[in-house]
Amino acid sequence: MYALVDGNSFYASCETIFRPDLLGQPVVVLSNNDGCIVARNKEAKALGVPDLVPYFQVKSMLEQAQVHIFSSNYELYGDISRRMMDVLGAMVGDHEVYSIDEAFLRLLSSTREYKTFGKHLKDTVMQCIGMPVCVGIAPTKTLAKMANKAAKKIPGLQGVCAMDTAGKWQWVQKRFTTREVWGVGSQISDKLAAMGIHTAYDLAMSSPRQMRKHFSVVLERTIRELNGEPCLTLDQQPVPKKEIMCSRSFSHKIHDPVELQQAISQYAGRACEKMRQQERLTNLLWIFVESSRFSGPQYSNQLMVKLDSFTNDTCVITEAARLAVAELFRPGVPFHKCGIGLMELKERQPEQLHFFSPQQSEESRSLMASLDAVNRRYGRGTLGLASQGINPKWKMAREKMSPRYTTQWAELPKVRC
DNA sequence: TCTGGGGTCCTAGGACCC
DNA sequence: TCTGGGGTCCTAGGACCC
C-alpha cells in the first residue's frame with residue numbers, strides 16, 4: 001500500500017506557520033516576479049480567488065477583501081519542505097519525495113488500520129512542523145493520489161482517505177472526472193470525453209490495450225493503476241537531473257543588449273551553482289530570449305552552444321551565454337524574459353579524457369569551490385561575476401516577501417515578552 | 001504597468017546502417 | 001522495366017506533472 005502525504009496549500013501554509021495572527025484569514029502567494037497567484041489558503045478559496053490568474057487582474061479585489069499577499073519565498077518553502085520530509089522519513093523508511101510538498105510512503109503490510117495510521121501521520125506533521133497535510137492511502141500511486149484528493153474534497157473524511165478495497169475506490173472514482181486523474185491532462189480528457197468517457201470510473205472500466213492504441217502506454221498504465229494493479233514504483237533515490245534550467249521574466253522590459261547580458265549572466269551563475277551542487281558537468285548550453293507573449297512585437301529565438309569540453313565553471317559558461325545573447329539580441333524588441341539550460345549533464349566521475357580538449361583546470365575547480373563556499377556562508381549572490389551587474393533595474397519584483405525565518409540569522413522570528 | 005518556473009517521459013519520423 | 005527489409009539512433013514536439 002502507498003500513502004501520499006501532501007501539504008495543504010503548501011506555500012500559503014508556510015507563510016502562516018510563523019504568523020499565527022493570520023490564522024483564519026485569507027492568504028495568497030504569488031509566483032516569481034509577483035506574476036500570478038500560485039497558492040491560496042482555504043479562506044482565500046472561499047472568497048472565490050481563482051488559481052493561477054495574473055495578480056494584476058485580481059489585485060484590487062484582493063485588497064478590498066483584505067487578503068494577505070506574499071511574494072514567493074522559496075528559501076523558506078524549501079526549508080520547511082526538508083523538515084517535513086525528515087519527519088515523514090523518520091516515520092516510514094521507504095519513501096519518495098515527489099515534489100516540494102508531497103511524498104509517497106510505502107506502508108508495511110502489517111499496517112492494518114490504514115485510516116488510524118493516516119491520522120497519526122497527519123497529526124505528527126502538524127505537531128512537529130505546523131504544516132497541515134492530507135493523507136491518501138491505496139494500493140497504487142495513482143489511486144493514492146486520488147485518495148489524497150478525496151481527503152481534501154470530502155469534508156467528512158477529515159483529511160485522511162484510505163481506499164483499501166475496490167468498492168471504496170470505485171465509489172470515489174464515480175465522483176471524479178477523468179481530468180482529476182493523475183496523468184490525465186486537459187488534452188487527453190477532452191479526447192476521452194469525445195469517446196463518451198467522462199468519470200474516472202468510466203476510464204477505469206475501459207480496455208487498457210485499446211486505450212494504448214488510441215493514446216499511449218502512459219494511459220494504459222494509468223488505467224491499470226486505477227484498478228489496483230501497481231505499474232509505478234517508488235523512486236527512493238533522487239534521480240540525477242538530465243538538465244538544469246534557469247529562466248526569469250524581468251520586472252521591466254529590456255531594450256539594451258548589455259542589460260540582457262547581465263540577466264543571462266545571473267541566470268548562468270545560478271544554473272552553474274545548482275549543477276555543482278549536484279556534482280555534474282555540461283558541454284551543451286541552450287539559451288533563449290523572448291518578448292512578451294501578451295503585447296508588443298513578438299520575437300523569440302534560441303541557440304544551442306556546444307563547449308569544447310565538459311565543465312562546471314561559471315566563467316566559461318557565462319562567457320558562452322553572453323556571446324549567444326549578443327547574437328540573439330535584436331534592436332527595438334522589448335525583451336521580457338531570457339533563460340539558460342545546461343543540457344546533457346554527466347557525472348563528474350569518472351573523468352572522460354579528450355585528446356584535443358583541455359580538461360577543467362585545478363585552479364578553475366578551486367575557484368568555483370571558493371565561490372560556492374562564500375555564497376553558502378554569506379548568502380546567495382554575495383560573490384559573483386561583474387558581468388551580472390549590480391542592482392539591475394530589471395530584477396525580479398518581490399515586493400511582499402516574508403522573512404526567511406529558518407535559514408537567515410538576521411531574519412529569525414522575533415518574540416516579544 | 002503588471003500574465004511563473006522547472007522538470008520528465010513518450011512517440012513519430014527521419015537518417016543511417018547492413 | 002524491375003528498386004527490400006529490418007534495425008538502431010537521434011531529434012522535435014506533445015503531453016503531463018508540481
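Every chain is numbered from 1, with letters handed out A, B, ... down the list of sequences.
- Distances shorter than 4.0 Å separate none of the side-chain N or O atoms of Ser216(A) from OP1 or OP2 on dA15(C).
- Interatomic distance, Asn8(A) CG to Ser13(A) OG, rounded to the nearest 0.5 Å: 6.0 Å.
- Salt bridge annotation for Asp6(A)-Lys152(A): present, with a cationic side-chain nitrogen under 4.0 angstrom from a carboxylate oxygen.
- A salt bridge does not link Glu344(A) to Lys242(A): none of the charged nitrogens lies less than 4.0 Å from a carboxylate oxygen.
- If you check every strand for non-hydrogen atoms under 4.0 Å, Phe294(A) touches a base.
- For the pair Leu219(A) CG and dT11(B) C1', the computed distance is 14 Å after rounding to whole Å.
- Considering only side-chain N and O atoms, Arg248(A) lies under 4.0 angstrom from the phosphate OP1 or OP2 of dG6(B).
- When ring centroids are compared, Tyr98(A) and Trp182(A) come within the 6.0 Å threshold.
- Using a 4.0 Å heavy-atom criterion, one finds that Leu30(A) contacts no nucleic acid atom at all.
- Across all strands, Asn32(A) comes closer than 4.0 Å only to sugar-phosphate atoms, never to a base (heavy-atom distances).
- The shortest distance between the side-chain N/O atoms of Arg212(A) and the OP1/OP2 oxygens of dT11(B) is not below 4.0 Å.
- Among the atoms of the strands shown, base atoms are found under 4.0 Å from some heavy atom of Leu52(A).
- Between dG5(B) and Lys274(A), no contact under 4.0 Å exists linking OP1 or OP2 to a side-chain N or O.
- Residue-level contact check: Val217(A) touches the backbone only, with heavy atoms under 4.0 Å from sugar-phosphate atoms and none from bases.
- Residue contacts for Ser186(A): at a heavy-atom cut-off of 4.0 Å it reaches the sugar-phosphate backbone alone, with no base atom in range.
- One atom, CG of Leu62(A), and another, P of dC2(B), lie 19 Å apart when rounded to the nearest Å.
- Applying the 4.0 Å criterion to OP1 and OP2 of dT3(B), one finds that His336(A) has a side-chain N or O inside that range.
- Contact between the side-chain N/O atoms of Lys253(A) and the OP1/OP2 oxygens of dT1(B) is not found at any separation under 4.0 Å.
- Distance from the side chain of Ser249(A) is smallest to dG4(B) among dG7(B), dC10(B), dG4(B).
- Listed pair Lys337(A) / dG5(B) meets the phosphate criterion, a side-chain N or O lying under 4.0 Å from OP1 or OP2.
- Distance CD (Glu344(A)) to C1' (dC9(C)): 13 Å, rounded to an integer number of Å.
- Looking at Arg82(A) and Asp79(A), a side-chain N of the basic residue comes within less than 4.0 Å of a carboxylate O on the acidic one, giving a salt bridge.
- Residue Val181(A) is classed as a sugar-phosphate contact, given heavy-atom separations below 4.0 Å to backbone atoms only.
- The residues Glu180(A) and Lys153(A) are annotated as salt-bridged, a charged nitrogen and a carboxylate oxygen being separated by less than 4.0 angstrom.
- With a cut-off of 3.5 Å on both pairing distances, the Watson-Crick or G-U wobble partner of dG5(B) is dC18(C).
- Within the nucleic acid shown, Asp101(A) comes within 4.0 Å of sugar-phosphate atoms alone, with no base atom in reach, counting heavy atoms only.
- Among the atoms of the strands shown, only primed sugar atoms or phosphate atoms (P, OP1, OP2) are found under 4.0 Å from some heavy atom of Arg221(A).
- Nucleic acid contact for Val239(A): none, since no nucleic acid atom lies under 4.0 Å from a heavy atom of the residue.
- Looking at which nucleotide of DNA chain B each of Ser295(A) and Cys246(A) is closest to, the 5′-most match is held by Ser295(A).
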